[in-house]
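To keep things clear, I will list the structure first and then write my remarks on it.
Note: hydrogens, waters and symmetry copies are ignored here, and every other heavy atom, side chains too, is used.
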Amino acid sequence: MDLKDLLNKASTSLNGKLMAGLLFKKARINNGKGREVGDILGWDCIVRAEDGTCFSFYVAQSHIGMTKPVQIPCPLGIRIISSYKIDIEDAIKILNKKDCGDTFVDVELSWPLVPDCNEPYWHFRMTLGNEVFIGANSGTGGCHKFKELLNNTQKMEMTNTKINDINIKVGERTKVELEDNGGSTGYSWVIGHKPDSLWLIESYYIPPEDPIPGKPGTRVFTFYGAEKCQDSIQFIHVQLWNKESAEIIDCAVKIS
């Protein structure tokens, strides 16, 4: 189903409410693992209407079947997608040409609101732990091999990086704040494993008040509890282009 059809279906289901575009969609994969389009059962989608409201729904990959859109808080930190050129079938063909594994466990489409991201991206997480990003317009992208980073883990001296366990109720939001030198050394925090029920709705960097070279700022992650779960989340402190060192912090997640 192309984006135009998807937005038209959402509009029809909402009595003709005009849609501004797609914010996010995540694949439901048959038995949790896939290698081709046929392994994708459908998509959990979030769209934004022209009046600024946001709705989530599920639509089958076969184009048959769609749940009633439900209004939700609009996720932050992502742009509206009004069109893209590379569909999921082409994205998987590009994926299969990369040395990152041949079985995916997660597939998402979004457009992160960061200065150097000029197009929407398909994001694949592979069984090997690798992360693959493919531009939904250009078809370009790369593979981040986190296994290589984790196999060379090196503890670094950090201060004020304690993370409390995340314990919230469905519908609540919470923030995680970490010291971050992404503005100077290039080392920054990224999310490794994350439960699907814990939505990342915003991520931003606060520079230090006194801009001394090497002085850390703060990376803030805001999460939303979408469904009940008991799991964990992993934060990785790393230069994505550096294969030599990384710091990993795990904390428990409970959404009740």
Do Asp231 and His193 meet the criterion of a side-chain donor-acceptor pair at a distance under 3.5 Å? yes

Leu14 reachable from Val59 in the ILVMFWY side-chain graph, under 4.5 Å edges: yes

Just to verify, what does Phe24 make a ring pair (Phe, Tyr, Trp, His ring centres under 6.0 Å) with, not counting sequence neighbours? none

Write down the atom of Ala49, the atom of Phe55, and the distance for their closest heavy-atom approach. CB-CE1, 4.3 Å

Nearest-0.5 Å distance that lies between atom CZ in Arg219 and atom CG in Leu178: 9.5 Å

After noting the C-alpha distance and the side-chain angles of Asp39 and Lys33, does the key distance pass the salt bridge (Lys or Arg N to Asp or Glu O under 4.0 Å) rule? CA-CA 8 Å; Asp39 295 319; Lys33 295 181 180 180; over 6 Å; no

Distance col, row Leu23:CG vs Ser56:OG, nearest 0.5 angstrom, shows 11.0 Å

Sorted by chain and number, sequence neighbours left out, ring pair (Phe, Tyr, Trp, His ring centres under 6.0 Å) with Phe223 holds for none

Lys169 atom NZ, neighbour heavy-atom count above 12 within 6.0 Å: no

Please name the pair of heavy atoms, one in Trp122 and one in Lys25, separated by the smallest distance, quoted to 0.1 Å. CH2-CE, 3.7 Å

Under 3.5 Å, is there a donor-acceptor pair between the side chain of Asn137 and the main chain of Lys85? yes

Return the CG to SG distance between Leu95 and Cys100, rounded to the nearest 0.5 Å. 7.5 Å

Take Phe221 and Phe235 through the side chain to side chain contact (heavy atoms under 4.5 Å, CB included) test and state the conclusion after the steps. CA-CA 10 Å; Phe221 297 97; Phe235 298 91; 3.8 Å; yes

Establish whether Trp43 and Tyr58 are linked, either directly or via other cluster members, by ILVMFWY side-chain heavy-atom contacts under 4.5 Å. no

For Leu198 and Ile168, run side chain to side chain contact (heavy atoms under 4.5 Å, CB included): C-alpha distance rounded to whole Å, both residues' side-chain angles, the deciding distance at 0.1 Å, then the answer. CA-CA 10 Å; Leu198 186 68; Ile168 58 175; 4.2 Å; yes

Val105 and Met126: same hydrophobic cluster, using ILVMFWY side-chain contacts below 4.5 Å? no

Is a donor on one side and an acceptor on the other found under 3.5 Å between the side chain of Ser13 and the backbone of Lys9? no

For Tyr224, all residues meeting ring pair (Phe, Tyr, Trp, His ring centres under 6.0 Å), sequence neighbours excluded: Trp199

What closest approach, in Å, do Val37 and Glu89 show between heavy atoms, and which atom pair accounts for it? CG2-CA, 3.4 Å

To the nearest 0.5 Å, what is the distance between CD1 (Ile40) and CZ (Arg35)? 14.5 Å

Around Lys98, counting heavy atoms of other residues, nucleotides and ligands shown, do more than 12 lie under 6.0 Å from its NZ? yes

Not counting sequence neighbours, which residues clear side-chain hydrogen bond (donor to acceptor under 3.5 Å, both in side chains) with Thr174? List them please. none

CD1 of Ile86 to CD1 of Ile94, rounded to nearest 0.5 Å, is 5.0 Å

Does Asn15 have any side-chain hydrogen bond (donor to acceptor under 3.5 Å, both in side chains) partners at least two apart in sequence or in another chain, and if so, which? none

Enumerate the residue pairs fulfilling salt bridge (Lys or Arg N to Asp or Glu O under 4.0 Å) with a member in residues 43-62, sequence neighbours excluded, ordered by first and then second residue. Lys17-Asp51, Arg28-Asp44

Describe, in one word, how the ring planes of Phe133 and His123 are oriented to each other, choosing from parallel (under 30°), tilted (30 to 60°) and perpendicular (over 60°). parallel

Is Leu41 reachable from Phe124 through a run of I, L, V, M, F, W or Y residues, each pair having side-chain heavy atoms under 4.5 Å apart? no

Can you tell me how far apart CG (Leu200) and CD1 (Ile233) are? Round to the nearest 0.5 Å. 8.0 Å

For Ala136 and Glu119, which heavy atoms make the closest approach, and how far apart are they? N-OE1, 3.6 Å

Hphob cluster co-occupancy, Ile29 + Ile134, side-chain heavy atoms under 4.5 angstrom: yes

Between Cys54 and Ile46 the two heavy atoms that sit nearest each other are CB-CG2, 4.5 Å

Please determine whether side chain to side chain contact (heavy atoms under 4.5 Å, CB included) holds for the pair Lys228 and Ser197, giving the CA-CA distance in whole Å, both sets of side-chain angles, and the decisive distance to 0.1 Å. CA-CA 7 Å; Lys228 291 182 179 181; Ser197 299; over 6 Å; no

Taking all atoms of both residues into account, what is the closest heavy-atom pair of Cys45 and Leu22, and its distance? CB-CD1, 4.4 Å

